[in-house]
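What you see is a predicted model; the values in this text were computed from it and never measured.
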Amino acid sequence: HHLAQHCERNNNFEKAVEIYKQAQNIAKNSIHYGPDNGLELAKCITSFAAHSDEDLAKKLTLEVLSSLENIMTEFKNDQRVDVKVKLVEARVHHILKDEEKTQSILEAADKLIKSMSDISDPAMVMELAKAYVNTDNIAKAKTILQELGEKYADDEKMLAEIKKIVANIE
């Protein structure tokens with residue numbers, strides 16, 4: 001898993017995809033099986049698609065949409081999974097240049113996060129901000145990050161994460 005993240009950071013998406021797939025196959029037979037490996041794989045393939053030519057990007061995004069559908073079927077009662085799937089879906093539709101669908105999915109994810117009882121979960125809000133960055137909606141991302149920064153002004157780790165995202169968009 002950490003090796004896959006390392007490959008991803010270095011834009012070696014093919015190797016990262018391979019590692020995530022191996023992790024997912026191993027995890028399927030484990031009592032610790034959950035949606036995270038599949039979601040990480042989908043995010044990684046989506047990043048790969050964003051850096052690929054149009055034909056390969058279409059092929060990769062179809063694979064991602066199919067695996068997201070499987071994740072939603074398998075974990076359909078988990079709102080957190082629903083949000084995470086929507087955030088990856090939004091980026092897929094952005095890559096496919098369907099901005100209307102991208103925005104409607106992001107708005108749906110935003111509403112779902114706000115409707116969840118554990119609204120104070122900053123990690124979900126952070127993922128939403130990253131999704132806005134990945135779909136070139138920088139103003140919305142900055143607004144969310146500013147609100148997070150104010151709300152968690154005492155949380156050094158959170159502020160460092162916010163600064164990292166802001167540094168990547170400026």
Side-chain angles (χ1 to χ4, degrees), residues 1-13 15-17 19-20 23-24 27 30-51 64 67-68 71-72 74-95 99 102-170:
H1 198 261
H2 293 297
L3 181 59
Q5 289 171 334
H6 175 75
C7 291
E8 220 176 326
R9 275 193 300 275
N10 292 318
N11 291 333
N12 186 347
F13 295 109
K15 187 71 180 164
V17 166
I19 296 166
Y20 279 127
Q24 190 176 19
S30 162
I31 57 166
H32 304 294
Y33 180 63
D36 291 342
N37 285 326
L39 284 164
E40 288 304 317
L41 175 61
K43 278 200 251 184
C44 182
I45 294 172
T46 304
S47 294
F48 187 23
H51 296 90
V64 170
S67 64
L68 291 176
I71 292 168
M72 278 308 299
E74 214 166 331
F75 301 96
K76 62 180 166 276
N77 296 326
D78 189 332
Q79 285 188 310
R80 302 170 74 74
V81 172
D82 192 6
V83 169
K84 289 178 179 185
V85 164
K86 280 178 172 43
L87 297 179
V88 178
E89 262 180 344
R91 186 164 188 206
V92 166
H93 289 289
H94 177 69
I95 291 166
E99 291 312 315
T102 299
Q103 291 313 309
S104 74
I105 293 170
L106 286 172
E107 286 166 19
D110 197 358
K111 276 186 190 149
L112 191 55
I113 290 170
K114 287 179 177 145
S115 75
M116 289 164 58
S117 55
D118 55 351
I119 189 60
S120 63
D121 181 357
M124 293 297 275
V125 180
M126 188 73 78
E127 287 298 316
L128 179 64
K130 287 178 187 174
Y132 276 116
V133 170
N134 287 333
T135 57
D136 298 328
N137 196 332
I138 305 304
K140 185 77 174 160
K142 283 184 174 179
T143 303
I144 292 169
L145 292 170
Q146 187 174 353
E147 289 170 6
L148 266 181
E150 289 166 7
K151 192 170 182 181
Y152 295 94
D154 299 336
D155 186 334
E156 302 266 333
K157 193 175 172 192
M158 177 63 64
L159 293 175
E161 184 76 18
I162 291 169
K163 280 181 184 159
K164 199 165 87 178
I165 297 169
V166 170
N168 286 333
I169 56 180
E170 290 183 334

Would you check, one step at a time, whether the test side-chain contact (heavy atoms from CB on, under 4.5 Å) holds for Val83 with Met116? CA-CA 10 Å; Val83 169; Met116 289 164 58; 3.9 Å; yes
Polar side chain donor-acceptor pair, Arg91 to Thr102, under 3.5 angstrom: no
Atom pair CZ (Arg80) and CG (Leu112), whose distance is rounded to the nearest 0.5 Å: 10.5 Å
With the side chain counted from C-beta on, respond yes when Lys84 and Lys43 share a heavy-atom pair under 4.5 Å apart, and no when they do not. no
From CG (Leu148) to CD1 (Ile162), nearest 0.5 Å: 5.0 Å
Under the side chain to side chain contact (heavy atoms under 4.5 Å, CB included) test, which residues partner Lys140, sequence neighbours left out? Asp110, Tyr132, Asn137, Ile144
Can you confirm whether Pro122 sits close enough to Lys151 that some side-chain heavy atom of one is under 4.5 Å from a side-chain heavy atom of the other? no
Between the NE2 atom in His93 and the CD1 atom in Ile95, the distance rounded to the nearest 0.5 Å is 10.5 Å
Does the pair Lys86/Glu127 count as a salt bridge with the N-to-O cut at 4.0 Å? no
Drop me the distance from Asp82's CG to Glu89's CD, to the nearest 0.5 angstrom. 8.5 Å
Classify the side-chain pair His94/Asp136 by whether it contains a donor and acceptor separated by less than 3.5 Å. yes
Minimum-distance pair of heavy atoms, taken over all atoms of Ala129 and Ala141: O-CB, 3.6 Å
Take Lys142 and Glu147, measure what salt bridge (charged side-chain N to carboxylate O under 4.0 Å, His left out) needs, and give me the verdict at the end. CA-CA 9 Å; Lys142 283 184 174 179; Glu147 289 170 6; over 6 Å; no
I need the minimum non-hydrogen distance between Pro35 and Phe75, along with the two atoms involved. N-CZ, 3.5 Å
Roughly how far, to the nearest 0.5 Å, is OG1 of Thr135 from CD of Gln103? 5.5 Å
Starting at CD of Glu161, measure out to CG of Asp155 and round the result to the nearest 0.5 Å. 10.5 Å
I'd like to check Leu87 versus Ile105 (side-chain heavy atoms, cut-off strictly below 4.5 Å). Are they in contact? no
Considering only heavy atoms from C-beta outward, does the side chain of Leu145 approach that of Met126 to under 4.5 Å? yes
